[in-house]
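Only one structure is covered here, and it is reproduced in the block below.
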Amino acid sequence: MASAPATAQLSQPGVAPARGPDAPKPSTIPAQVEPGTVPSADQGDPNGNAPIVPEAEFDAALPPLSGDINAPLEAIGRMTAPVTGAASPLPAPTTNQPVATGDTLPPVGPEDPELARPLPPIGSFDTTPLETAVVANPDTPEVRYETTLNGLDKLELADEFKSLSALNEGDGKAANTAQISARAREDEALAVRLMQSLGYYDATALSTVESVPNTPGRFRAVITASPGRLYTLSSIKILADPVVPEDLLTRNLPLKVGDPIEAARIQGAEANVSLVLPQQGYPFVKVGERDILLEDQAPQATGAYTLPVDTGPRSSFGKLTTTGDTVFGVDHLNVFPRFREGQLYDNRLTDDLRDALVATGLFNSVAVEPQRTGRTGPDGTEEVDLLVRQSKGPARTLAGTAGYSTGQGTRLEGSWQHRNLFPDEGALIGTVVAGTQEQGAGATFRRSNAGRRDRTFSIIANASHQNYDAYEAFIGTLAFRWSYDSTPIWQKKFTYSYGVELTGTNEDVYDFDLNRRRRGTFGIAALPGQVVFDQSDNLLNPTRGYRLKLNLSPETSVRGGVRPYVRTMVEGTYYYPVSSSLVIAGRVRAGSIQGIDRDDLAPSRRYYGGGGGSVRGYGFQRLGPFEPVNPADPEARRNPVGGRSLNEFAVEARYRFGNFGIVPFIDAGNSYEDSLPTFSALKFGAGIGGRFYTNFGPFRIDVATPLNPRPGDGKVALYISIGQAF
C-alpha cells in the first residue's frame, strides 16, 4: 500500500546542523609563500607564525621502522623528544586552542609500562553481540505500573488495543522503568497500526512513563493517540479481462467512492470476489495485490484504489477423473454429483460432491479439484474436469450403546459393520441386544447410494425376546426397506422411507372372554412408510426450528383369519432459542389404529404410553388400559393391555452452560382403547434432567415423578440414555 509523503523532518546522526549567517566561521592558516621559495627554519612564514621545520630534520626525528609489523609499538614517551635544530619547545598550553604547526608536543609524563605493552591479537576479542533485552535482577524488587490510554475510545479501538497491548500483557509488573518504557514504545506502534487499519494514516501516538505521586516504586505509562484525518476512497479501479455478466466484478466488490480506507472492509470486499466468482463460473480466479495511492495534499485526505484480478477462463463442468488408493471407480463416483456435464461451474456443487463422499465414511481423506482441459463447450466456456483424490480409510466399525430406565431396565446394544464388504457401499451389519427385559440378534445388508445418491436399500433380519409388563413375546422379522435418510454429517430437510415387513410373533395376550392370559401366535404383513420434514438446525441436539413426522403402515394380521388395518402416528417438535444458553423445546404426538378390534391385534403392535421416550415419571408402557381386577386377588398388580390410540405432550427448558446442561420438563399423555385419542384422563409427569454434551450428542439423565399417580405407580423414575428426549 502506498503511503503519504512524510511531513516530519528527522535529524540525521553524524551530520552537523546548518549554520546561520551570524555563526562564527572556523579559522584558517593561509600560506602566503612566494612560488619557488622555501622559508628557512628560523624564518617562519611571512605572517610571523612559528618557524617551519625543514623536511630533513623532520625525517631525522622519526623513530626507525623495524620492518616487523608484529613488533611492539614504541612507547609514547619516546616519541616526544624535541626535534634537533628546531626552535625551543613552547610552554605547556594553557588553553584548549590547538597547537600551531611546527610546535613540539610536551611529554605526557613518565613512561607507562601498560602503554608500552603490545596490543592483543584481534582474534582474541569476544565478538558476541551485547544483550539488549532487559534482564531482571533477582535481588532487585519488581516495580509496579498502571496504564492509561487516551484517544482510542471514540474510535472503538480501546478493547482491541487492550487485548494486544504489551503493557497489559505485563500485568502491571516490570523489572525496571526501562522495561516499562520499552513496552510503552511497542504500544505506541500498536496504537498507530490500529488507527491506520480504520483509515487514519496520519495517526500518531506518544508514550510517557511517569512516577505516581506519593507512591514510591509505582509508575504510570500513558499512551496518547491522535488519529488525524480520515482517508476515504477517491476512486475504485479493477484491472481484469471482460467477464460475463459485465458487472460481475464491480457488483461483488462491495466498495464505493467515499468509503473509509478501512483494512477489514477492503479485505472483506476482496475476499467476496474470491468467494463469489468460483460460484459464477470462474474456478481459477486470483485476486492480486491491491494498490492504494494516498493523496494527502488535496483538500481532503483520499486514496485511489486499484485491484488487479486474474479471472481465468469462464468454465463449465466436465468429467470426473480419479487417482490415489481407489475406493470407488468412476462409475460409482458419477452417482454423487448434483450437477450435469456442461452446467456452468459452481464450486458449491464441488464442495457438495466432496461432502457426500466424506459422508460414506470409507475415506481416510478425499479431495475434489478442478482441472483445466482446454476443451471448449457448446456455450463457449472451457470444460473443467474434477479430479477426485482418494485415500482409503478403515471400513470396519465396532460400536456400542447402553441405557437404563425404570420399568425397562438395562439395555446394552453392540454392533459390528463392514461398510464396503460388497462394493460399492454394500455393508453388512450385525447387532446384539442384551438387556434385563429384551434380548436379541440381527443382521442387516445395506446398500448406500443405491443407483442414485442418498438412496439406501436394506434387508433386515431380526429375532428377539421381549418381556415387559404389557406382554412377553418371541418375535422374528424380515423386512425390505428403501429410504432417503439424514446422517449426522449430512442432515436433509426432507426424508422418507417405505418397504415391506413380515413378522411372526408368539405372545401372551389377555383374553377378556376367559379373564386370563394365554399365548397366541400372530402373522403380520405390513407396508410401513414414513415422511419427515426437518427444519431444525441439528440432527442430535437441535436448538431452533421444527420437525414434522408422519408414519403410515397398512397391515394385515393373520390369526384365524385375515384382518387388515392401518396404523398411523403424527408427531411435531418445535425448538425456540430464548438466548444462546436457553432453548424451549416442545413435542406433540398422536397415534391411531383403524379397522380392527384391539383384542385382535398382537400386543406388540398396540399403542402404549409411559417411559423415557413418552410420559416420563410413569413406568414403561404402563399408561393406558389395564387388565380387569382379579376378583380372587383385588390387590394384585395389574398389567397394561394397550390401546388403539395415543396422545402425548411435552415441554422442556434446556439450559446449557459449557458442556453441561440442566433441563426441567413436564410431560402429559395417555393411551386409549378407542381408535381416536381424547384429552380426558391425561396423566402428567414432571422432573429435571442433566446433560453432558459430547461431540456425538448429549448424554442424558432424567429423573421424573408422576403428578397424578395411580395405585402401583412408583414415586420416582430414572432414565439414562444418549441423545435428547426429542
Side-chain angles (χ1 to χ4, degrees), residues 403-409 437 468-471 510 512 569-574 576 583-593 598 601 603-604 606-631 633-655 662-691 700-721 724-726:
Y404 173 83
S405 66
T406 303
Q408 196 173 3
Q437 294 181 283
Y468 301 116
D469 290 346
Y471 58 85
Y510 189 85
F512 283 86
M569 180 75 75
V570 179
E571 181 176 335
T573 55
Y574 184 74
Y576 177 75
V583 175
I584 302 298
R587 180 186 66 181
V588 176
R589 181 161 62 181
S592 174
I593 300 175
R598 181 192 62 183
L601 275 170
S604 60
R606 301 172 187 175
Y607 284 138
Y608 302 87
S614 177
V615 182
R616 288 163 285 188
Y618 296 88
F620 179 67
Q621 295 183 339
R622 290 196 63 83
L623 279 185
F626 278 79
E627 298 171 350
V629 176
N630 185 352
D633 187 5
E635 300 299 324
R637 177 184 173 90
R638 296 188 296 160
N639 293 321
V641 295
R644 292 186 295 163
S645 62
L646 171 78
N647 57 7
E648 293 175 355
F649 311 90
V651 176
E652 292 187 345
R654 300 173 180 174
Y655 179 73
I662 296 177
V663 182
F665 57 85
I666 184 168
D667 299 341
N670 211 337
S671 67
Y672 308 89
E673 182 179 350
D674 294 335
S675 60
L676 292 176
T678 67
F679 292 95
S680 63
L682 287 177
K683 299 299 179 182
F684 292 86
I688 191 167
R691 303 290 185 268
R700 172 168 68 106
I701 300 178
D702 289 339
V703 179
T705 185
L707 298 183
N708 47 348
R710 304 156 304 175
D713 288 331
K715 294 183 178 181
V716 176
L718 174 66
Y719 311 96
I720 302 174
S721 65
Q724 298 285 10
F726 54 88

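Along the sequence shown, residues are numbered consecutively beginning with 1.
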Check whether any side-chain heavy atom of [X] lies under 4.5 Å from a side-chain heavy atom of [Y], and answer yes or no.
X    : Y    : answer
D469 : R622 : yes
D702 : L718 : no
V716 : V703 : yes
N647 : F649 : yes
Y672 : L646 : no
T573 : V588 : no

Nearest 0.5 Å, please: how far is [atom2] in [Y] from [atom1] in [X]?
X    : Y    : atom1 : atom2 : answer
N670 : Y618 : CG    : OH    : 8.5 Å
S671 : Y608 : OG    : OH    : 8.5 Å
N708 : F684 : CG    : CZ    : 7.0 Å
D713 : L707 : CG    : CG    : 11.5 Å
N639 : Q621 : CG    : CD    : 11.0 Å
Q437 : S405 : CD    : OG    : 8.0 Å

**Request:** Sequence neighbours left out, what pairs pass salt bridge (charged side-chain N to carboxylate O under 4.0 Å, His left out) with at least one residue falling in residues 677-686?
**Result:**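 Listed once each, the pairs would be none.
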Where do [X] and [Y] come nearest, in terms of heavy atoms and distance?
X    : Y    : answer
G685 : V615 : N-CG1, 4.2 Å
G642 : R598 : O-CD, 3.3 Å
S614 : R589 : CA-NH2, 4.2 Å
P709 : P706 : CD-O, 3.7 Å

**Request:** Return the orientation label for the Y468 and Y471 ring planes: parallel under 30°, perpendicular over 60°, tilted otherwise.
**Result:**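 The rings of Y468 and Y471 stand perpendicular, inter-plane angle above 60°.
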**Message:** Quick one: does any side-chain atom of Y607 pair with a main-chain N or O of I593 as donor and acceptor, under 3.5 Å?
**Reply:**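 Absent.
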**Prompt:** Is the CZ atom of F512 crowded by more than 12 outside heavy atoms at less than 6.0 Å?
**Reply:**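 Count over threshold, so yes.
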**Request:** Inspect the contact between E648 and R587 and indicate whether a charged nitrogen and a carboxylate oxygen are less than 4.0 angstrom apart.
**Result:**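 Salt bridge flag = yes for E648 with R587.
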**Message:** Run I662 and I688 through side-chain contact (heavy atoms from CB on, under 4.5 Å) and show every step you take.
**Reply:** CA-CA 7 Å; I662 296 177; I688 191 167; 3.6 Å; yes
**Message:** When you measure from the centre of the six-membered ring of F665, is the NZ or CZ of R691 closer than 6.0 Å and no more than 45° off the axis?
**Reply:**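 Output no; distance or angle outside limits.
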**Asked** With distance as the sole criterion, is a donor-acceptor pair present between the side chains of R644 and S675 under 3.5 Å?
**Response**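 Looking only at side-chain atoms, S675 and R644 do not form any donor-acceptor pair under 3.5 Å.
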